[in-house]
Number of protein chains: 2
Amino acid sequence: MTKSELQDLAQLLKALGEYNRLSLVYQLCGCKTPENAMCLCACCSVDASVTSRHLKALAQENVVKMEKRGRERLYSLNRSAVSQKLRALADAIDHSRQ
Amino acid sequence: MTKSELQDLAQLLKALGEYNRLSLVYQLCGCKTPENAMCLCACCSVDASVTSRHLKALAQENVVKMEKRGRERLYSLNRSAVSQKLRALADAIDHSRQ
DNA sequence: TACATATTTGCGCATATGTGCAAATATTCC
DNA sequence: GGAATATTTGCACATATGCGCAAATATGTA
């Protein structure tokens with residue numbers, strides 16, 4: 001694990017480690033199709049601008065994918081990318097004792 | 001997933017989502033026996049007091065276990081507890097679409 | 001007792017972060 | 001074009017966070 005990889009992983013965990021952002025992720029977990037920000041906004045009781053910023057932060061860490069449709073933005077989880085990183089960390093914690 | 005569980009998970013991810021704390025965790029990953037704080041401190045280039053606080057934060061989130069031996073404190077990873085939570089999140093992200 | 005070692009705590013400081021509001025932007029619909 | 005809807009951006013603010021230093025505490029050792 002290089003320093004840069006560790007920094008990236010820390011950034012990912014930090015993005016997930018905020019209650020409203022994690023709520024958005026869990027909300028997206030149950031969506032089979034991409035959802036727009038206003039719909040996602042409903043799950044956390046914050047201003048739409050805050051949700052917008054949280055989704056942007058999640059997109060920057062590649063947790064969610066954003067696509068434009070008309071005047072709305074549709075968000076979906078990058079499921080495998082995120083779960084792979086979480087499992088890799090779990091594996092390291094579980095059995096990397098040498 | 002209750003609100004309280006989600007808050008707890010967010011707290012755990014926040015604890016892991018800081019570079020120096022994650023470095024400590026990775027350092028502990030490779031330890032087969034508990035290590036003291038000064039030894040762990042070496043892996044991140046910060047003051048001992050900072051390491052002390054980071055280890056305290058990790059202990060509060062039950063990431064590490066602390067035991068006293070003489071004048072030193074020995075830390076070890078709560079491996080299964082942490083990896084289980086990470087895998088549960090990975091599972092939710094992977095295949096909870098209904 | 002005196003000193004060394006390991007760790008924590010108090011303090012101040014700089015910066016990051018989460019938030020709401022209002023305004024701006026973009027796009028659709030009438 | 002003008003109103004409505006969806007989202008972003010600028011701003012200000014309060015709080016949280018990470019950090020180093022110095023002092024305090026705890027414990028082992030000469």
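Chain letters run A, B, ... following the sequence lines, proteins first, then strands; residues in each count from 1. Owing to the predicted nature of the structure, the values given are computational and were not obtained by experimental measurement.
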From CZ of A/Arg53 across to C1' of D/dC13 the rounded distance in Å is 13 Å

Below 3.5 Å between N/O atoms, which protein atoms pair up with nucleotides 24-30 of chain D? Just atom names and distances, please.
none

Any N/O pairs under 3.5 Å between the protein and nucleotides 15-18 of chain C? List them or say none.
unit_1 : atom_1 : unit_2  : atom_2 : d
C/dG18 : OP1    : A/Arg21 : NH1    : 3.4
C/dG18 : OP1    : A/Arg21 : NH2    : 2.9
C/dG18 : OP2    : A/Arg21 : NH1    : 3.2

B/Asp47 CG - D/dT17 P separation (whole Å) = 20 Å

Would you say the side chain of A/Glu35 lies within less than 4.5 Å of the side chain of A/Tyr75, judging by non-hydrogen atoms?
-> no

Joining Ile, Leu, Val, Met, Phe, Trp and Tyr whenever any side-chain heavy atoms lie under 4.5 Å apart, the cluster holding B/Leu74 also takes in none

Expressed in angstrom and rounded to an integer, what is the separation of A/Leu55 atom CG from D/dT9 atom P?
-> 13 Å

Donor-acceptor under 3.5 Å (A/Arg21 side chain, A/His54 main chain) | no

Answer whether the closest heavy-atom distance between the side chains of A/Asn36 and A/Leu40 falls below 4.5 Å.
-> no

Taking NZ from B/Lys56 and C1' from D/dT17, how many angstroms apart are they, rounded to a whole number?
-> 15 Å

Side-chain contact check for B/Val46: nearest option of D/dT8, C/dT9, D/dG20 is D/dG20

Taking CD from A/Glu67 and C1' from D/dA6, how many angstroms apart are they, rounded to a whole number?
-> 16 Å

Given atom CG of A/Leu74 and atom P of C/dT27, what is their separation to the nearest angstrom?
-> 14 Å

